[in-house]
Amino acid sequence: LISNITCPGTCFYVEGKGIRLNLSGYSLTYGAGGGGSGPVYGIENNPCADKLRPALSSPCDRGKSGVSLEVFGGSILQSEHAPAFSHALSFTTPHNPGGLSFHNLTIVIRKTGTQALHADGQSGSIHFRNNTIYDSVISINHPGQSDLLARSYFQGQAVWISGVTHLADPDQIAYNVIVGAPQGGIRDTSDGAEIFGNDIRQNATYSNDFCIDVPGDGQQIHDNYCHPLNGRGIHVNGENSHIYRNKVIVREAKVNREYGKRGKMGCEFGGAFGIQVEDDNVSAVGGTVVTGNDVTLNTGQCGGGAFRITGW
């Protein structure tokens with residue numbers, strides 16, 4: 001960029017390989033025109049699914065060639081007029097083989113259901129490093145959707161990655177600062193993902209409110225600082241992962257939307273957990289290793305446990 005830009009809808013559609021977008025210290029603000037009936041995005045790679053796309057001149061890629069992209073060096077800001085679920089970075093072309101790299105960005109989001117990074121079905125690796133996210137989203141529900149269903153889909157994670165990345169080319173989510181988020185910080189289902197050096201301070205009112213949620217196999221989760229205003233620490237639900245040298249300070253107050261009574265907020269069931277290992281990984285060959293972590297539980301209003309193993 002050579003100046004700040006403001007877009008009525010989506011700012012950038014990207015198709016093709018070897019694309020570098022240097023924001024050069026400037027900002028892009030998306031969704032300033034309200035976007036009509038559907039979401040818009042700061043940057044996206046699946047314009048086939050965007051209702052505004054048919055009005056554009058170039059043909060739709062439909063994921064055949066994929067996209068490899070690097071975005072860095074500036075700010076991505078969500079307009080206060082943007083529609084709900086208008087993610088800052090949205091990459092949903094199925095089985096996209098290209099690598100995605102996002103670094104040294106400041107991302108500000110505020111509207112219902114918005115995530116800083118929403119990536120689904122990417123078969124290339126994702127590197128998300130040295131970014132700062134200010135997440136003041138309050139609600140994550142689609143119209144008519146219950147709190148239970150919304151949190152079960154992890155719609156309140158600041159960074160949401162669901163992929164098929166292989167161990168030979170793992171995701172790296174590193175050295176990011178996340179402030180806010182109505183549910184959790186980072187969720188990455190990709191096998192082999194490495195998540196390290198992040199500073200996460202979510203302020204959760206939805207359940208499943210983990211700083212880091214890692215259901216993939218063979219993941220490395222280390223040297224993170226999880227200190228939510230309200231929320232849980234690290235949740236592991238895969239096989240052969242290693243969780244080490246993390247500092248976790250957790251607390252839960254009576255602010256959970258799902259467990260309240262008579263219209264009031266309540267305590268999430270079980271309270272706060274520092275590190276939770278769940279389901280079949282405790283009996284898997286090799287299993288998950290949790291070692292050298294520093295966990296503090298502030299029991300507060302709702303109690304909890306520093307370490308929890310469940311489901312076997």
Side-chain angles (χ1 to χ4, degrees), residues 84-85 87 109 111-116 118 133 135-162 178-189 195 198 200-216 221 224 226-238 243 246 248-281 295-312:
F85 294 91
H87 309 307
I109 53 176
K111 303 296 284 189
T112 295
T114 299
Q115 295 169 326
H118 180 96
I133 299 169
D135 183 343
S136 59
V137 172
I138 296 174
S139 174
I140 65 172
N141 306 64
H142 288 286
Q145 187 182 40
S146 68
D147 291 337
L148 171 62
L149 196 57
R151 62 89 162 171
S152 296
Y153 288 126
F154 294 92
Q155 291 166 195
Q157 299 291 122
V159 175
W160 187 95
I161 301 170
S162 178
I178 300 175
V179 180
Q183 185 178 17
I186 298 167
R187 175 176 167 86
D188 192 341
T189 70
I195 301 173
N198 299 286
I200 303 172
R201 191 167 176 79
Q202 79 268 29
N203 190 14
T205 57
Y206 286 83
S207 302
N208 288 358
D209 52 345
F210 289 92
C211 164
I212 299 173
D213 185 82
V214 283
I221 314 301
N224 298 286
C226 294
H227 54 127
L229 286 173
N230 192 76
R232 296 174 173 178
I234 299 171
H235 180 232
V236 189
N237 191 22
I243 316 301
N246 299 285
V248 180
I249 304 172
V250 293
R251 60 179 60 82
E252 288 281 357
K254 291 183 178 180
V255 296
N256 186 272
R257 297 166 57 108
E258 185 179 342
Y259 288 96
K261 295 181 179 179
R262 300 184 183 91
K264 295 182 179 181
M265 301 291 195
C267 283
E268 183 174 4
F269 182 76
F273 302 129
I275 297 176
Q276 179 177 352
V277 180
E278 186 172 2
D279 289 337
D280 58 353
N281 59 42
V295 180
T296 300
L297 168 67
N298 294 320
T299 54
Q301 295 176 310
C302 301
F307 182 67
R308 185 190 195 208
I309 300 178
T310 57
W312 86 102

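The analysis underlying the following values was restricted to heavy atoms, covering all of them including side chains, and did not include hydrogens, waters or symmetry mates.
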Ring pair (Phe, Tyr, Trp, His ring centres under 6.0 Å) partners for Phe85, two or more places apart: His142
Rounded distance (nearest 0.5 Å) linking atom CZ of Arg232 with atom CD of Glu268: 3.5 Å
Qualifying residue, where the test is side-chain contact (heavy atoms from CB on, under 4.5 Å) with Ile195 and the options are Val214, Val159, Asn246: Val214
Residues Glu252, Asn230; criterion side chain to side chain contact (heavy atoms under 4.5 Å, CB included); working and verdict: CA-CA 5 Å; Glu252 288 281 357; Asn230 192 76; 3.2 Å; yes
Test log, rule side chain to side chain contact (heavy atoms under 4.5 Å, CB included), inputs Asp147 and Asn141: CA-CA 7 Å; Asp147 291 337; Asn141 306 64; 2.9 Å; yes
Straight-line distance of Asp209 CG to Arg151 CZ, nearest 0.5 Å: 9.5 Å
Within-4.5 Å side-chain heavy-atom neighbours: Gln276 and Phe210: yes
Any side-chain heavy-atom pair of Tyr206 and Ser139 under 4.5 Å: yes
Nearest heavy-atom neighbours spanning Gly156 and Ala181: O-CB, 4.1 Å
Shortest non-hydrogen contact from Leu229 toward Arg201: CD2-NH2, 2.8 Å
Taking every non-hydrogen atom, the tightest pair across Arg257 and Ile138: NH1-O, 4.5 Å
Contact summary for Ile133 and Ala116, nearest pair of heavy atoms: CD1-CB, 3.6 Å
Reported CD-to-SG distance for the pair Glu258 and Cys267, which is rounded to 0.5 angstrom: 13.0 Å
Any side-chain heavy-atom pair of Arg251 and Pro228 under 4.5 Å: no
Separation between CD of Gln155 and CG of Asn208, rounded to the nearest 0.5 Å: 12.0 Å
Thr310 versus Glu278, closest heavy-atom pair with distance: OG1-CG, 3.3 Å
Worked verdict on Val236 versus Ile221 for side chain to side chain contact (heavy atoms under 4.5 Å, CB included): CA-CA 9 Å; Val236 189; Ile221 314 301; 5.9 Å; no
Partners passing salt bridge (Lys or Arg N to Asp or Glu O under 4.0 Å) against Asp188 (at least two apart in sequence or in another chain): none
Flag for Ser207-Asn256: side-chain donor and acceptor within less than 3.5 Å: yes
Asn203 CG to Asp135 CG distance, which is reported to the nearest 0.5 Å: 10.0 Å
Close side-chain approach of Asn298 and Ile249, heavy atoms under 4.5 Å: yes
Any side-chain heavy-atom pair of Ile200 and Asn224 under 4.5 Å: no
Student check: side-chain heavy atoms of Cys211 and Gln202 closer than 4.5 Å: yes
Approximate separation, where rounding is to 0.5 Å, of Asn198 CG and Ile212 CD1: 6.0 Å
Residue pair Gln183 / Ile140: nearest heavy atoms and the distance that separates them: OE1-CD1, 4.0 Å
